[in-house]
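Reminder, nothing fancy here: chain letters follow the sequence lines and each chain counts from 1.
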Amino acid sequence: MIRPHLAIVGPTASGKSALALEVARALGDVELVSVDSMQVYRGLDIGTAKPSPAEQVLVPHHLIDVADPTDEWSVVRFQQEARAAVANIESRGKRALLVGGTGLYVQAVIDPLTFPPEDREVRDAILERGATPGGQAGLHAELTALDPEAAAKIEPDNTRRLARALEVIELTGRPFSSFGTGIQTFGETVFPVRVAGVWLPRDVLNARIATRVTAMRDAGLVDEVRGLQQRGELSRTAAQAIGYREVLDHLDGLGGEDGLGGEDGLGGEDGNTGVDAALEAIVVRTRKFARRQRMWFRRDPRISWFGAPGNACTVLPALLASWSG
RNA sequence: GGCCGGGUAGCUCAGUCGGCAGAGCACGCGCCUGAAAAGCGCGGGGUCACCGGAUCGACGCCGGUCCCGGCCA
């Protein structure tokens, strides 16, 4: 019988990746699959805390650097490629160790989610309708008429999800709610897998986030973003990566405009205040992201939680003991 | 020292003619099926710098004190 695949989930900056490396070394028969919506992009290295080339040599990693930063990426592409990677690993007699913090992606891989078709043009057209005055209310009314069940589950102001639901209905002629039971259903996974969650005290995690952002600056995050920008405009999906969006905004702000620069006039004579503000914004958004991750994973009763006082690696013995059974 | 502007939520700031104190962000709680590091909902939070006065009633008006910024000396 095939031994179950493994997964480690948890909030950003918890030390999941380092823990996964140690697990891989200890077990010997696993390969890592990054479950991360931003590490898929080549060149987004520092800000995504991507495993270093050296680390990637130690243990094979999958789903890292599989897209160009000018390309859009989506959960469906991830689902296809990650499942292919798992199958590939399995075919070589090894086990996959999924590691990551993108909740929807984790479920897209291990749960039987099937995503209805999409048509960007159709959706953009709906989105445009929604952007007109009173448009959101209009979209919600439309959806209520076509699919009351779906409409009840989507906040009237959430234009993006309203548009997606209407897009699916327009494309398929079926109610959006007729596709799947929703991600709040936690049933059989598509392959045997044991999922562990790492959990850090909030103040510890916040401190780790702050430290990590400073380290990213020191590692040259701003230069990395500048370089990426010169090689072509980041795609809609890549450009929203935490750290990249803020630095991009900051670099745009330096463009010598005369009024709106947001300069506070006090203190920083060398543009450093701008960088500092961007870094602070990164810290704040990372914290919020970690909170949403917590909310997401917390709901899944299949996750076994491992509390760590400082960083995730301290749970290694407990985790190995749990998985050896 | 003089003149001008300012002091209201953790931060930045609105507050009409005197009538129960507001927003954005932060923070907390939550939602989630093709952008998910996205998008969205809900909530807690105030000695309105301080002291005194007129008024039925003051964040607002009057007098004073303290603090911050700018200009002038």
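The nucleotide B/rG52 finds its pairing partner in B/rC62, both defining distances of the Watson-Crick or G-U wobble pair being shorter than 3.5 Å. Partner assigned to B/rC27 is B/rG43, using Watson-Crick or G-U wobble distances below 3.5 angstrom. Nucleotide B/rG22 has B/rC13 as its partner under the Watson-Crick or G-U criteria, with both atom distances under 3.5 Å. Base pairing of B/rG5 is made with B/rC68, judged by Watson-Crick or G-U wobble geometry with both donor-acceptor distances under 3.5 Å.
Note on A/Gly243: nothing from the nucleic acid sits closer than 4.0 angstrom, heavy atoms only. Residue contacts shown for A/Pro156 are absent, as no nucleic acid heavy atom lies under 4.0 Å away. Among the protein residues, A/Val168 comes within range of no part of the nucleic acid, since none of its heavy atoms lies under 4.0 Å from any strand. At the heavy-atom level, A/Thr114 lies under 4.0 Å from base atoms of the strands shown. Using a 4.0 Å heavy-atom distance criterion, A/Thr48 is classed as a base contact. A/Thr237 comes within 4.0 angstrom of the backbone, heavy atoms only, and of no base.
Remark: A/Lys94 does not engage A/Asp29 in a salt bridge, criterion side-chain N to carboxylate O under 4.0 Å. Ion pairing between a basic and an acidic side chain is recognised when a charged N comes within 4.0 Å of a carboxylate O; A/Glu142 and A/Arg129 show such pairing. A/Asp111 and A/Arg302 are joined by a salt bridge, as a carboxylate oxygen and a charged side-chain nitrogen come within less than 4.0 angstrom of each other.
A straight line from CG of A/Leu205 to C1' of B/rA37 spans 14 Å, rounded to a whole angstrom. The interatomic distance linking A/Phe186 (CZ) with B/rU33 (P) rounds to 12 Å, in whole Å. Rounded to a whole Å, the CG atom of A/Asn158 is 12 Å from the C1' atom of B/rA35. Between the P atom of B/rC32 and the CG atom of A/Leu113 lies a distance of 13 Å, rounded to the nearest Å. We find that CZ of A/Phe297 is positioned 14 Å from P of B/rC31, with the value rounded to whole Å. Atom CG in A/Leu104 sits about 9 Å away from atom C1' in B/rG34, given to the nearest Å. Nucleotide B/rC40 holds its P atom 11 Å from the CD atom of A/Glu155, rounded to whole Å. What separates CD of A/Glu149 from P of B/rC32 is a distance of 13 Å, to the nearest Å.
For the P atoms, the distance from B/rG45 to B/rG10 is 12 Å, rounded to whole Å. B/rG34 and B/rG7: their P atoms are spaced 48 Å apart (whole Å). A distance of about 37 Å separates the P atoms of B/rG1 and B/rG57, rounded to the whole Å. Across the P atoms, B/rC59 and B/rG53 are found 15 Å apart, a figure rounded to whole Å. As rounded to the nearest Å, B/rA14 and B/rA9 have C1' atoms that lie 13 Å from one another. Taking atom C1' on both B/rG2 and B/rG60, the two are 27 Å apart, rounded to the nearest angstrom. With both ends at atom P, the span from B/rG24 to B/rG43 equals 12 Å, rounded to whole Å. Across the P atoms, B/rC48 and B/rC11 are found 15 Å apart, a figure rounded to whole Å.
In this model, the phosphate group of B/rA36 is approached by a side-chain N or O of A/Gln240 to a distance below 4.0 Å at OP1 or OP2. Contact check, A/Arg161 against B/rA36: no side-chain N or O comes under 4.0 Å of OP1 or OP2. Checking the phosphate oxygens (OP1, OP2) of B/rC27, a side-chain nitrogen or oxygen of A/Arg287 falls inside 4.0 Å. Side-chain N/O atoms of A/Arg164 include one lying less than 4.0 angstrom from OP1 or OP2 on B/rG34. In terms of phosphate contacts, A/Arg202 brings a side-chain nitrogen or oxygen within less than 4.0 Å of OP1 or OP2 of B/rG28. An OP1 or OP2 oxygen of B/rA37 is reached within less than 4.0 angstrom by no side-chain nitrogen or oxygen of A/Tyr244.
Side-chain proximity of A/Thr102 to B/rA36, B/rU33, B/rC32: nearest is B/rA36. Side-chain proximity of A/Asp157 to the nucleotides B/rU33, B/rG41, B/rA35 is greatest for B/rG41. The side chain of A/Lys288 lies closest to B/rC27 when the candidates are B/rA35, B/rA37, B/rC27. In this structure, the nucleotide among B/rA35, B/rA26, B/rC31 sitting nearest to the side chain of A/Arg292 is B/rC31. Set against B/rU33, B/rG30, B/rC27, the side chain of A/Arg298 has B/rG30 as its closest nucleotide. The side chain of A/Arg294 has B/rC29 as its nearest neighbour among B/rC29, B/rA37, B/rC31.
No side-chain heavy atom of A/Arg95 sits under 4.5 Å from any side-chain heavy atom of A/Glu90.
Along RNA chain B, the nucleotide nearest A/Thr12 and the nucleotide nearest A/Asn206 are compared for position; the residue whose nucleotide lies closer to the 5' end is A/Asn206. Position along RNA chain B of the nearest nucleotide to A/Pro112 versus A/Arg245 favours A/Pro112 as the more 5'-ward residue.
One donor-acceptor pair, N or O on each side, does fall under 3.5 Å between the base of B/rG30 and the side chain of A/Arg291.
A/Arg120 CZ: more than 12 foreign heavy atoms inside a 6.0 Å radius. Atom CD of A/Glu128 sits in a sparse spot, with 12 or fewer heavy atoms from other residues, nucleotides or ligands closer than 6.0 Å.
Distance CG/A/Leu113 to OH/A/Tyr105: 13.0 Å, rounded to 0.5 Å. Atom CZ of A/Phe179 sits about 12.5 Å away from atom CZ of A/Phe115, to the nearest 0.5 Å.
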